[in-house]
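What follows is one structure encoded as structure tokens, with my remarks underneath.
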Amino acid sequence: MSDSSKPRVVVVGGGFAGATAAKYLKILDGAIHVSLIVPHAGYITCPASNWLFAGLGDIERLTVDYRSLQSRYGVAVVTDSAKALDLSGKRVHLQSGEVRSYDRLILAPGIDFRWDTIVGYDAAAAEHFPHAWRAGPQTLTLLRQLQAMPDGGVVLIAVPADPYRCPPGPYERASMMAYWLKQHKPRAKILILDAKRSFSKQALFETGWAKHYGYGTPQSLIEWHSLADNPLLELHADSKMLVSEFGDRFSGDVLNIIPPQTAGSVALQSGLADAGGWCPVRPATAQSRFDNFVHVIGDAANYAPIPKSAFAANSEAKACAMAVVSLLREQPLPEAHWLNTCYSLVAPEHGISVAGVYKADSGGTISPVAGAGGVSVAKDAEAERAEAEYAQIVYRNLVADSFV
């Protein structure tokens, strides 16, 4: 088969969703021409980035590339960014001016941020008050701010309402910061200002915080406050203060403001997102509900109740790859199932986890499989250490499965 006659699939986005989709398309059918559009030659993983705040690892260990996808599987890796999608013409216009045609497009653009919820907090302000919700330079900025803060200082972590990338992430971040502060600045305090009434793995986190950081006592390193009925509305940058709807004022030495999120901008600009800012899909195939030749996976897509996690993105990508191959071959579609496993560290030797298995009914509604998955059970120190070790193993295996 000549290269020009091969089915052409373009994958936009090189995170866990996009990289996995490109890899598994070639594994399933080497005759498909797969182009992977990525903005940079390297990718810094968000999973495990919170561990840096506890002094575990460095940014280099979180950095992966796409060389294996190209050399081992034959994926055509293009270092460029998608500027616009021509859906009617089935073309992707790149920033460089190049145009890529497709028979099927897999869109995995990740997240973008809403800057309209807290007055005074925008992309420019985020350089001084980092969200660090894309791993990289902002992670290092936040780390330096934490380390430079005086003993007795205050860290504010502002957490958005659901849905957002990595639901347990803010609470693991608080844990990792508290672990470092306990050793180096024990009079410090972390205030979590949460737009929700509850959060992922709350009971497990709070049990761990009580064990390690005095949670529930006046000396606790961590305090959690629900602001579900009293949202944060303003940032006063000069005084490092956040102000709520009821006029409550929260001041800190380090402000980690995690904004509400949407699907990546290329999805929004192309009309593939709904009023909520996420891309609705037909779960069995990941096809956009607005375009049958576009498949959306990863954080940008709405697979609720599946959370927006790297593990889920990897699982969605594999199911999508199988569906795309079947559609190109005009073969029956396989039945889709999805997995999610999310490990968090409360301390370097104390891990917790949640897992889920999901399926879709004939109407396209996704639901958990009864009796599958669940959360880890707080037992003893040995079990906690095992969970912490599993967290590192799962991370390494997930990276290998997606990028190697």
Indicate, with yes or no, if the rings of [X] and [Y] have centres closer together than 6.0 Å.
| X | Y | value |
| --- | --- | --- |
| F403 | Y43 | yes |
| Y179 | H212 | no |
| W224 | F199 | yes |

Once side chain to side chain donor-acceptor pair (under 3.5 Å) is applied, what residue pairs with a partner in residues 115-126 remain, sequence neighbours excluded? R114-D116
In terms of heavy-atom contacts, does [atom1] of [X] have more than 12 from other residues, nucleotides or ligands at under 6.0 Å?
| X | atom1 | answer |
| --- | --- | --- |
| Q331 | CD | yes |
| E349 | CD | no |
| K185 | NZ | yes |
| R61 | CZ | no |

Between [atom1] on residue [X] and [atom2] on residue [Y], distance to nearest 0.5 Å:
| X | Y | atom1 | atom2 | result |
| --- | --- | --- | --- | --- |
| F293 | S288 | CZ | OG | 12.0 Å |
| M241 | F250 | CE | CZ | 10.5 Å |
| E387 | Y390 | CD | OH | 7.0 Å |
| L85 | K90 | CG | NZ | 14.0 Å |
| H33 | D103 | NE2 | CG | 11.5 Å |

Any side-chain to backbone donor/acceptor pair from [X] onto [Y]? Under 3.5 Å, distance only.
| X | Y | answer |
| --- | --- | --- |
| N314 | F16 | no |
| Q261 | D112 | no |
| Y164 | P167 | yes |
| K211 | H350 | no |
| T262 | F113 | no |
| Q287 | R282 | no |
| S68 | R72 | no |
| K196 | P160 | yes |

side-chain hydrogen bond (donor to acceptor under 3.5 Å, both in side chains) against K189, all qualifying residues, sequence neighbours excluded: E223
Relative to W278, does K308 satisfy both conditions: NZ or CZ under 6.0 angstrom from the six-membered ring centre, and within 45 degrees of the ring's axis?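 Judged by the rule, K308 and W278 form a cation-pi pair.
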May I ask you to decide whether E316 forms a salt bridge with K318, counting only side-chain N to carboxylate O separations under 4.0 Å?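 K318 and E316: not salt-bridged.
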Is D229 salt-bridged to R197, going by a charged N under 4.0 Å from an acidic O? yes
Any luck finding a side-chain donor-acceptor pair between [X] and [Y] under 3.5 Å?
| X | Y | value |
| --- | --- | --- |
| S88 | D86 | yes |
| Y395 | T45 | yes |
| D194 | S226 | no |
| D80 | Q95 | no |

Do you know which two heavy atoms are closest between V10 and S101, and how far apart they sit? CG2-O, 3.6 Å
Steps toward ring pair (Phe, Tyr, Trp, His ring centres under 6.0 Å) verdict (H337, Y358): CA-CA 6 Å; H337 293 82; Y358 303 86; over 10 Å; no
Using the rule given for salt bridge (Lys or Arg N to Asp or Glu O under 4.0 Å), can you reason through K6 versus D29, listing the C-alpha separation, both sets of side-chain angles and the distance that settles it, and then say yes or no? CA-CA 11 Å; K6 290 181 177 180; D29 189 342; over 6 Å; no
